[in-house]
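Reckoned from all heavy atoms, side chains included, excluding hydrogens, waters and symmetry mates. Predicted model only: the values in this text are computed from it and were never measured.
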Amino acid sequence: MTESVTLADKKILIVDDQKPFQIMLKGLLTQLGARDVTAVASGEAGIAAHHRHGYDILLVDYNLGQGKNGRQVLEEMRVRDLLRPNGLFFIITGESTRPMVLSAIELQPDDYLMKPFSIGVLRTRLKRSFRKRATLARVYQTLYDKEYPECIQACLQHIQDEGRYRNYCRQLLAELYLKLGKLDKAEQVVIALLDEQRFSWGVLALAKIKYAQKAYPAAIDLCHEVIRSTPNAVEAYDVLARALQGDEQPVKALEAGRKAVTLAPFSIARQLYMSELARDGEQFELAKQAMFNVLDISRKSVYRNPKHLCNYIRSILDAAEHSDSRLEINKYQQEASLALQRAKNDESLLHSNLKYHQLENAVMARIEAYNGRFRQAQEHLNQVASEFLQHGKDIQRDIAPDIAVALLDIGEFERAHALFKRQVDQRRLDTYNRKLLESRVARKETTHQSYLKFNKAGIAYYTDNDFGAAIAQFEKALELAPMNSGVALNYIQAALKVLGHSDSPLNYLVDGCKRCIRVLEGIQLPSNHQTRFNSLQTEFDQVLANQ
């Protein structure tokens, strides 16, 4: 080490599940002058130790047995703001597989060490990283504090002084301008850099800018330039997929997305985008697999959330509902039921506001409704969404898409649309779920419009006192929306007008009213509908008593 960089005053944490390697690395650090070295065997223990003591250097193995891996440790420390602006985070691994290496490097630790390494390599890498942190102390501090204008000024000053890390500062400048929406300034910085030398990362930065400017063909060409020179440039495939999607080339976008996932599969964001591309391309099995990958990756990460479990099960049902054969539909629905059973002990549910019985009823409501078992679907909806159905109160956001789909399938169009609109207005839907609901609404729109036409015609006939014609229209509406409470009430009201003035029993109307009453008795009604139903039921009982 040099006089300006010493380990004697540094607190160092080793995170590795192999005791022999802990001892070996601690010995190397001691030879380099370290006095305060701690070793722990798991990612969870490493995060807890760093949270309590705040280490200056973290040397974290990628593979850490059954718990969090090194990538997940770095992700969590970043999300929780545990990394210090003057601290170092090194990822160490003995594996050299491409997906492992690329997935580790893309999170941009201070450095990446392959086992085995010598004391000389360790000394050089530590020295290099400390020098960069010390030279750019103001840059890192303002970036850590999210003081982006100040960080921009610090970068500009380093560039003006022709500092050693001016290219890094140019790259960071472009990213900050892009983050702040200052696309012209970002472009000026990158073009000035590329005029000096055509760095691949500079070309990629320009591709990002062109994508943000919606100049999709230019972004596509720039991404291809990067990939030609750096075939493993994962981020270039990410940008390429988005640019191709923006340029309305969905097949090529999906191809680029698949390449990115193949190269570096351990990113939740990348797998989520893969699921969107697959669904857009009607590759529902692929979308399901991507959602499973999201769930699997998230289980031990800081991004653990019940929404990933819900999305996975939802993607299975989505595949079922787009299948061509009853055999395939049954297979997917059984797969969803099995995933639901396994979810009973899922830790993401145990530590969230979403309860298992809520998820279970939402999934079963959707399955029953799709299979035409509307009464059973309604019973599940009553269990999980009664407050929404009666009083319009909020539904647990993670299951709201499934409730909306089930409501559409049983013909409660108004409530389904109201729930969908609320989720959109409150920005509760990610792209995947928004598109899923838009697709389901579109598929049901013809039925919905026909239902509206018949119900509206029935109301018009009723207003004109043509109750027979009104009943005929309401019957057609009920065929399309058999569990719709509004039209069921309308039918009973019109039928009672005829029954009340008939000297002879009209059994078909009596039976029709009884069917509608059974429907309404199984539905959690809004207060105004419930009051109306109570009144009509009393009137119906009186008609029956007088016959």
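Partners of Tyr461 according to the ring-ring contact (aromatic ring centres under 6.0 Å, His included) rule, which considers only residues two or more places apart in sequence or in another chain, do not exist here. With sequence neighbours excluded, no residue satisfies ring-ring contact (aromatic ring centres under 6.0 Å, His included) with Tyr177. Annotation: ring-ring contact (aromatic ring centres under 6.0 Å, His included) contacts of Tyr332 (sequence neighbours excluded): none. Residues that satisfy the ring-ring contact (aromatic ring centres under 6.0 Å, His included) test with Tyr451, not counting sequence neighbours, are Phe413. In terms of the side chain to side chain contact (heavy atoms under 4.5 Å, CB included) criterion, Ser535 has no residue partners (sequence neighbours excluded).
Under 4.0 Å is where a charged nitrogen must lie from a carboxylate oxygen, and between Arg373 and Asp409 no such pair does. A salt bridge does not link Arg375 with Glu379: none of the charged nitrogens is closer than 4.0 Å to a carboxylate oxygen. Arg270 and Glu106 are joined by a salt bridge, as a carboxylate oxygen and a charged side-chain nitrogen come within less than 4.0 angstrom of each other. Taking 4.0 Å as the cut-off between side-chain N and carboxylate O, Arg299 and Glu347 do not count as a salt-bridged pair. With respect to Arg71 and Glu75, a salt bridge is recorded, a charged nitrogen being found less than 4.0 Å from a carboxylate O.
Here the shortest heavy-atom pairing between Gly411 and Asn484 reads O-ND2, 2.8 Å. The shortest non-hydrogen separation linking Ala219 to Ala207 is CB-O, 3.6 Å. Between Ala256 and Tyr237, the shortest heavy-atom distance links the atoms O-CB, 3.8 Å. Between Gly257 and Ala241, the shortest heavy-atom distance links the atoms N-CB, 3.8 Å.
Considering only heavy atoms from C-beta on, Leu295 stays 4.5 Å or farther from Asn311 through its side chain. Looking at Ile220 and Lys210, their side chains never come closer than 4.5 Å, going by heavy atoms from C-beta outward. Considering only heavy atoms from C-beta on, Arg422 comes within 4.5 Å of Phe388 through its side chain. Side-chain contact between Leu359 and Cys310 is present, with at least one heavy-atom pair separated by less than 4.5 Å.
Looking at Gln245 and Gln249, their side chains never bring a donor and an acceptor atom within 3.5 Å of each other.
Because its NZ or CZ atom is not both nearer than 6.0 Å to the ring centre of Phe284 and within 45° of the ring axis, Arg279 does not count as a cation-pi partner of that residue.
By the 6.0 Å contact criterion, CD on Gln341 is enclosed, its count of non-hydrogen atoms from other residues, nucleotides or ligands being greater than 12. Taking a 6.0 Å sphere around CD of Glu282, one finds it holds 12 or fewer heavy atoms contributed by other residues, nucleotides or ligands. At most 12 heavy atoms of other shown residues, nucleotides or ligands fall within 6.0 angstrom of atom CG in Asn353. In this structure, Lys331 places its NZ atom where more than 12 heavy-atom neighbours from other residues, nucleotides or ligands lie under 6.0 Å away. More than 12 heavy atoms of other shown residues, nucleotides or ligands fall within 6.0 angstrom of atom CZ in Arg326. Counting heavy-atom neighbours within 6.0 Å of Lys435 NZ, excluding the residue itself, gives a total above 12. A 6.0 Å sphere centred on CD of Gln537 holds more than 12 heavy atoms belonging to other residues, nucleotides or ligands. Within 6.0 Å of the CZ atom in Arg258, the count of heavy atoms belonging to other residues, nucleotides or ligands does not exceed 12.
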Passes salt bridge (charged side-chain N to carboxylate O under 4.0 Å, His left out), Lys300 versus Glu44? Steps please.
-> CA-CA 10 Å; Lys300 297 172 186 175; Glu44 290 81 359; over 6 Å; no
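Within the structure, side-chain hydrogen bond (donor to acceptor under 3.5 Å, both in side chains) pairs that include any residue of residues 355-364 comprise Asn361-His380 (at least two apart or interchain).
Under the side chain to side chain contact (heavy atoms under 4.5 Å, CB included) rule, Leu496 has a single partner from Phe467, Tyr491, Phe540, which is Phe540. With Glu321 as the fixed residue, the salt bridge (Lys or Arg N to Asp or Glu O under 4.0 Å) test singles out one of Arg366, Lys444, Lys288: Arg366.
Without hydrogens or angle criteria, Asn371 side chain to Ile367 main chain gives a donor-acceptor distance under 3.5 Å.
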